[in-house]
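The structure appears right after this line, and notes come after that.
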Amino acid sequence: MDINYELYKVFYHVASTLSFSEASKQLFISQSAVSQSIKTLERKLDQTLFIRSTKHVQLTPEGEILLRHIEPAMHFIRRGEAQLLDAASTGGQIRIGASDTICRYFLVPFLERFHRDFPAAHIKVINQTSIKCVELLETGQVDLIVTNYPNAYLSNVSSIHKIKSFKDVFIAGKAFEQLKDQPLSYEDLSKYPILMLDKKSTTSEFLHRLFQQHHLDLVPEVELTSNDLLIDLARIGLGIAFVPDFCITKQMSDLFIVKTKEELPGRELVIAYNEQIPLTKASEEFLNYFKSNTPQQDDGA
């Protein structure tokens with residue numbers, strides 16, 4: 001079937017924004033041209049791709065199927081364009097996927113160094129959970145990801161490099177001061193309100209699995225998407241937060257680490273990429289910061 005690429009490009013922008021007017025702005029063409037392109041594509045495919053009303057645009061089931069194929073293709077085309085533009089080692093683009101926590105507490109110094117070394121390179125960071133980052137990598141939306149490990153979703157990723165060892169800790173504020181220097185078992189901890197990341201995170205999977213290994217049910221008091229918020233809630237006494245130790249700074253004098261009788265297993269940060277897809281020169285330069293280093297061991301909170 002001979003269908004112009006531009007028709008699929010228009011479809012992608014309408015499908016991703018669910019707005020003909022927004023698609024026209026992104027494509028720098030008139031709204032009527034967008035509408036005509038969609039009608040042409042629907043005629044050629046003999047399928048209705050959108051349900052249109054005066055207020056809403058919605059994909060049909062057929063439109064959703066097409067989007068699942070068009071979206072990764074668009075990302076790969078953009079990736080190819082970026083590589084063609086990446087003629088000089090100091091230029092080009094790097095796209096990194098990482099969680100808010102990893103970005104703030106680990107990646108920032110490396111991004112600063114990279115920007116200093118290659119000021120002409122464009123840096124794009126997409127913040128998602130470690131689980132979602134793997135999906136971004138597999139669909140070509142990012143070049144590299146930095147995630148927590150173990151991460152069961154990395155099983156299909158061909159290249160994983162360990163870059164930092166860390167441990168998770170339980171932290172509490174003045175409301176739980178009686179627990180200072182009093183080692184608690186996991187069973188003891190389960191009796192207190194636990195604050196932790198939500199179920200869509202590798203950290204949540206890790207802690208739930210740990211409690212299950214000790215035949216304990218973990219029922220968190222609070223589940224959030226931000227470690228910083230967990231720290232804030234621990235500070236005001238809502239419970240005991242479970243966070244990576246690299247989030248704890250010496251300035252947090254109003255918090256303390258709750259000691260445990262059983263030693264918490266260590267975890268690692270890894271940087272991963274897909275060997276089946278050539279990296280841009282900018283991505284290779286950034287990756288080199290880590291390839292020459294052994295995993296960094298945290299000094300402790």
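In this chain, numbering begins with 1 at the start of the sequence shown. Predicted model only: the values in this text are computed from it and were never measured.
Between the side chain of Ser283 and the main chain of Leu279, no donor-acceptor pair closer than 3.5 Å is present. Looking only at distances, no side-chain donor or acceptor of Ser99 sits under 3.5 Å from a matching main-chain atom of Ser130.
Under a cut-off of 6.0 angstrom, the local environment of CZ in Phe256 is crowded, with over 12 non-hydrogen atoms contributed by other residues, nucleotides or ligands. Counting heavy-atom neighbours within 6.0 Å of Asp254 CG, excluding the residue itself, gives a total above 12. More than 12 heavy atoms of other residues, nucleotides or ligands sit less than 6.0 Å from atom OH of Tyr186. Residue-environment remark: NE2 (His214) exceeds the threshold of 12 foreign heavy atoms within 6.0 Å.
The pair Glu268-Lys164 does not count as a salt bridge, with every side-chain nitrogen at least 4.0 angstrom from each carboxylate oxygen. Using a cut-off of 4.0 Å between Lys/Arg side-chain N and Asp/Glu carboxylate O, Asp168 and Arg267 are scored as salt-bridged.
The line from OH of Tyr105 to CG of Asp228 is 3.5 Å long, rounded to the nearest 0.5 Å. To the nearest 0.5 angstrom, Glu112 atom CD is 12.5 Å from Leu107 atom CG.
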- Query: Is there a side-chain contact (heavy atoms from CB on, under 4.5 Å) between Thr260 and Ser185 once you walk through the steps?
  - Reply: CA-CA 6 Å; Thr260 58; Ser185 66; over 6 Å; no
- Item | side-chain contact (heavy atoms from CB on, under 4.5 Å) between Asp100 and Asn227, intermediate numbers included | CA-CA 8 Å; Asp100 290 342; Asn227 278 304; over 6 Å; no
- Intermediate values then yes/no, side chain to side chain donor-acceptor pair (under 3.5 Å), Thr48 and Glu42: CA-CA 6 Å; Thr48 301; Glu42 288 179 323; 5.1 Å; no
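A heavy-atom distance below 4.5 Å is found between the side chains of Thr147 and Val270.
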